[in-house]
2 protein chains.
Amino acid sequence: MKTESIRTRGAESSGSISVHDQKREHILAVAEDLFYRNGYAGTTIADIVRELGVTKPFLYYYFSSKSDIFETLCWRASHACLTAMHFKPDDERAAIDKLREGLHRFAAANVSYFKSGTFAYREGGALDPAFMKKLRTMARRFYKELCALLEQARNDGELDFDDAKLTALSIGSIAGFMYTWYKPGGRIGPEDMVKELTRILMKIAGAYSQPASAASKIGRGRNAGRAIRNPSI
Amino acid sequence: MKTESIRTRGAESSGSISVHDQKREHILAVAEDLFYRNGYAGTTIADIVRELGVTKPFLYYYFSSKSDIFETLCWRASHACLTAMHFKPDDERAAIDKLREGLHRFAAANVSYFKSGTFAYREGGALDPAFMKKLRTMARRFYKELCALLEQARNDGELDFDDAKLTALSIGSIAGFMYTWYKPGGRIGPEDMVKELTRILMKIAGAYSQPASAASKIGRGRNAGRAIRNPSI
DNA sequence: CCTACCGATCGGTAGG
DNA sequence: CCTACCGATCGGTAGG
């Protein structure tokens, strides 16, 4: 497969995965690609088994239904993306540093799960309402955590933005729509893509400065224009 | 069909729309809402006619097929959003000013068509390949025009960004994913939403300063709840 | 784990 | 002979 370079799940990479789980993962990988390309309703069980070279009852031995496969994919990807802003309660770092790390994790998760990361948003009508509710709760927590960090960092004088919620939604949107244009193996490799995306997300938050490695590229002073807008800082 | 949408919109605002076109527009409005909420495959002809309180043959008198309805909606919205960066050849203004106007038009079109603006991306599998090709050509031109303006304005010393294509795609992503969170009648009215979105888009491009008028606070929108369909800028 | 097959529901159209 | 529809049902295909 093409995209497993970034997605390193523990058991899978250590080789201790059972044959049963291997077959399950293969079904999931093929189904993920078909759902990504043709949508939930546009993908039939017959499509999946044809691509796998197996029969329908084979598939139904591993999964109870079409939605079972879809929800498994959906949950994995959404969980990976939406827990990026979780930090341990004893993490005492500055808000701006936690934000930068969290947004980097968020960008990395979205690049890694670019096929299924936003299934929940695009195919909400096809999902079980109870399952959707759990995903919505997780998404709400993500935005709550992101908004809190944004406002803390702004109070610290590190950020410049108007509306926290709208800023957070814009950040989520860049990752959420990435599936329409990102393809692995393109002009920009996955690692550089994550770095660039993180920079753009920090830009939306109105970060005054970038990490030293990136700041060297800027010829014209960033702080000159910003300082005029917010003389209080 | 696809090109008559402009004529229909003009007649709509002047009040001289025929009874035939009124009924056609009513079907489109109901179908747009259902496609938006349940997706293309998740919406049946039976759903649409039930919501309308008519029969299927009534609907098939106005449209030749389910995809005919969908493509009409898709084309209108995509056309409105993706022509935002068109400027007359004799427009001699500075790139930064054209960019700001174009991004404002783009934000306004996406707010106005928040239900159907990104049907083409989410439901590509359901659309006719030839139709999809026309949409992709239009999208490519949008990004080409946007990239050109971005690079011109950067050469003028007005912008600060790394990669033009990635910046343009990020700008498109914010508008493209807005359908997941924007609802008219929310905390921020449509006019303020367009202004704020435009500011955020300019921020991604690395604009050093904002126009004075945009510094106004967002809050109680006067026209909250009324979607702006025809933003003449 | 396959062959064979089901209940239901889909988009689209017949005659009047 | 046209328009604007209605009650009933078509052939094909979906998930299971």
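Chain A is the first sequence line, chain B the second, and so forth, proteins listed ahead of strands; every chain is numbered from 1.
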Item to complete: Inspect the surroundings of OH in A/Y61 and state if more than 12 heavy atoms from other residues, nucleotides or ligands are less than 6.0 Å away.
Response: no
Item to complete: Determine the minimum heavy-atom distance between B/S170 and B/I204, stating which atoms define it.
Response: CB-CG2, 4.1 Å
Worksheet item: Counting only N and O atoms by type, is there a donor-acceptor contact under 3.5 Å from the side chain of B/T167 to the main-chain atoms of B/A205?
Response: no
Response to the item:
Annotated structure of DNA chain D as dot-bracket, pair cut-off 3.5 Å, Watson-Crick or G-U only, | for inter-strand, is .....|.|.||.|.||
Worksheet item: If the P atom of D/dA4 is compared with that of C/dG16, how far apart are they to the nearest Å?
Response: 22 Å
Practice prompt. Evaluate whether atom NZ of A/K98 has more than 12 neighbouring non-hydrogen atoms of other residues, nucleotides or ligands under 6.0 angstrom away.
Written response: yes
Discussion item. Counting only heavy atoms and a strict 4.0 angstrom limit, can you tell me which residues of residues 45-69 of chain A come near DNA chain C?
Written reply: A/T55, A/P57, A/F58, A/Y62
Worksheet item: Tell me, which pairs form a ring pair (Phe, Tyr, Trp, His ring centres under 6.0 Å) where one or both residues lie in residues 127-149 of chain A, sequence neighbours left out?
Response: A/F106-A/F142
Discussion item. I'd like to know whether NZ of B/K66 has more than 12 heavy-atom contacts from other residues, nucleotides or ligands below 6.0 angstrom.
Written reply: yes
Discussion item. Ignoring hydrogens and geometry beyond distance, is a side-chain donor-acceptor pair present between B/T44 and B/D47 at under 3.5 Å?
Written reply: yes
Worksheet item: Is A/D163 paired with B/R187 through a side-chain N to carboxylate O contact shorter than 4.0 Å?
Response: yes
